[in-house]
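Numbered from 1 within each chain, the chains take letters A, B, ... in sequence-line order.
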There are 2 protein chains.
Amino acid sequence: MSRNQKFSREQLQAAALALVEKEGLEGLSMRNLALALGTGAMTIYNYVADRAELEGLLVEAVMQEVRWSGKPSKDWRADVKEITHAMWAAARKHPQIIPLVVTRRSSAAAFLGPTEALLDALKRGGLKDQNLLIAFRTVSGFVTGIAQAELTGPLAASAQEDAKDVIARFESLPREKYPRLLEIAKAAGKSKPEKEFTTGLNIIITGLEKEFGLESRD
Amino acid sequence: MSRNQKFSREQLQAAALALVEKEGLEGLSMRNLALALGTGAMTIYNYVADRAELEGLLVEAVMQEVRWSGKPSKDWRADVKEITHAMWAAARKHPQIIPLVVTRRSSAAAFLGPTEALLDALKRGGLKDQNLLIAFRTVSGFVTGIAQAELTGPLAASAQEDAKDVIARFESLPREKYPRLLEIAKAAGKSKPEKEFTTGLNIIITGLEKEFGLESRD
DNA sequence: ACCTGAACACCGTTCAAGT
DNA sequence: ACCTGAACACCGTTCAAGT
């Protein structure tokens, strides 16, 4: 709890973020981070208990960038869209860290804040208890799932590939074994992630209205 | 390509699966796997190029357990439900491997097969090109997202926690900062994953019908 | 109280030598 | 052609010694 520490938690967070941005997740190690900060590896342990906590700091850094209006409007649908879009956009700005966001538990306020706001918007839509839980799981599953899939799903290009290579990958498979995959691989080349996200979310919101009998807009 | 190898690929796969099942993903290493097989670490490299390929073998092992009727029925909705439920159930049987399934790209037939079947069902619902792509992204994002979230989402219990501890976690936060999270944490205690999955999927299918103007059942 | 080098117990992988 | 021990270049983390 002393105040004369060599670095601030924010400095550590920023250095870790910069390191991963430059060298990828594989480049993240206690030793590398210490090197970037001009100190010894063991110094990092004055700020985090272990590697898991260091990774938690990275998840927090991404979620801190989630920006939305911050107060409930009269339109719960618009609020759900705004908050989830902000989460998705923040994650997409840091593709290298998405696997950590998806995979590591976080109780950071930066993470729970947007989550609570999303839940509040769904609640204002008329949901509670079990149905609120299911709506939350469906929406947030979609958000994290689609963010991760853009990165490592079957339609995602690997480091060595571009969109044409992805198409070629499915074309080269024996006897056109995967005609539908080939079709959407082609569609994916002309597709915008933004449009995929917003349309997907609209599908879910419409589904919530119909399935849970919420007052509909049309 | 020789046939007088010490082990079969299947043996390797089974041994790796058993190892992870027993010791978790952290216990998976070339040396540990070799030990389990009664050989030296470098022997593993006669079967896989590197660790990434070994992890791919694990993803394949999980996806090989995906079982569905295998042929298109007259009801595309039922087919979508059956195939995605089979994928979700297979993943849930191997919670330790879910992070790999979600995070690692795979071109294994065991992975692409169910994916193609899902796409075919959506196509029979009346979708193509861009809309087929969006429907696929929405459905499969949901499936992987909800599977991972059950494991490491804010409502998931960590290794040391049970359902009561999760509730206590949100109750102990200052001034009831997260009342909605607390509400669904309580609901989660009484909730069945099965019900959450099927209801969430129903929401998405209903949304697909309305948003894309597919012929509806009611 | 905070910092940090040395050391320990691990990793994945290359290389060279075995059969 | 396949197997495998030794060695290399890393890891996270403990411990003990510094200020």
Short heteroatom pairs, N/O only, protein and nucleotides 13-19 of chain C, under 3.5 Å:
{"unit_1": "C:dT13", "atom_1": "OP2", "unit_2": "B:Y45", "atom_2": "OH", "d": "2.8"}
{"unit_1": "C:dT13", "atom_1": "OP2", "unit_2": "B:R51", "atom_2": "N", "d": "2.9"}
{"unit_1": "C:dT13", "atom_1": "O5'", "unit_2": "B:Y45", "atom_2": "OH", "d": "3.4"}

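- The NZ atom of B:K81 sits 4.0 Å away from atom CG of B:N202, with the distance rounded to the nearest 0.5 Å.
- Nearest heavy-atom pair, B:P99 versus B:Q96, reported as atom, atom and distance to 0.1 Å: CD-O, 3.6 Å.
- For the atom pair OH of A:Y45 and CZ of A:R51, the computed distance is 9.0 Å after rounding to the nearest 0.5 Å.
- Side-chain N/O atoms of A:T39 include one lying less than 4.0 angstrom from OP1 or OP2 on C:dT4.
- The side chain of A:N32 places no N or O atom within less than 4.0 Å of a non-bridging phosphate oxygen (OP1 or OP2) of D:dC10.
- Protein atom CG of B:N46 is 9 Å distant from nucleotide atom C1' of D:dA1, rounded to whole Å.
- Judged by distance alone, with hydrogens and angles left aside, the side-chain atoms of A:Q64 form no donor-acceptor pair with the main-chain N or O of A:A110 at under 3.5 Å.
- A:Q5 places its CD atom 12 Å from the P atom of C:dT4, with the value rounded to the nearest Å.
- Taking CG of B:L132 as the reference point, atom CG of B:L122 lies at 6.0 Å (rounded to 0.5 Å).
- Residue A:L54 contributes atom CG, which lies 9 Å from atom P of D:dG12 at whole-angstrom precision.
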* To do: Under 3.5 Å for both distances, Watson-Crick or G-U wobble, that's the pair rule; now give the dot-bracket for DNA chain C, with | marking pairs to another strand and [ ] for crossing ones.
  => ||.|||||...|||||.||
* Test log, rule side-chain hydrogen bond (donor to acceptor under 3.5 Å, both in side chains), inputs B:S191 and B:E196 -> CA-CA 8 Å; B:S191 178; B:E196 295 172 19; 2.3 Å; yes
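- For residues 128-171 of chain A, the ring pair (Phe, Tyr, Trp, His ring centres under 6.0 Å) pairs, not counting sequence neighbours, are A:F142-A:F197.
- For the OP1/OP2 pair of C:dC3 and a distance below 4.0 Å, the side-chain nitrogens and oxygens of A:T43 include no atom meeting the criterion.
- Residue A:L28 contributes atom CG, which lies 16 Å from atom P of D:dC10 at whole-angstrom precision.
- Rounded to whole Å, the distance from CD on B:E23 to P on C:dC10 is 12 Å.
- With rounding to the nearest 0.5 angstrom, the CD1 atom of A:I44 is 12.5 Å from the CD atom of A:E53.
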* When you look at A:L182 and A:E171, which way does the side-chain contact (heavy atoms from CB on, under 4.5 Å) test go after all the steps? -> CA-CA 7 Å; A:L182 178 58; A:E171 267 171 343; 3.5 Å; yes
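- Look at B:S29 and you'll find a side-chain N or O under 4.0 angstrom from OP1 or OP2 of C:dC11.
- B:F7 comes within 4.0 angstrom of nothing in the nucleic acid, heavy atoms only.
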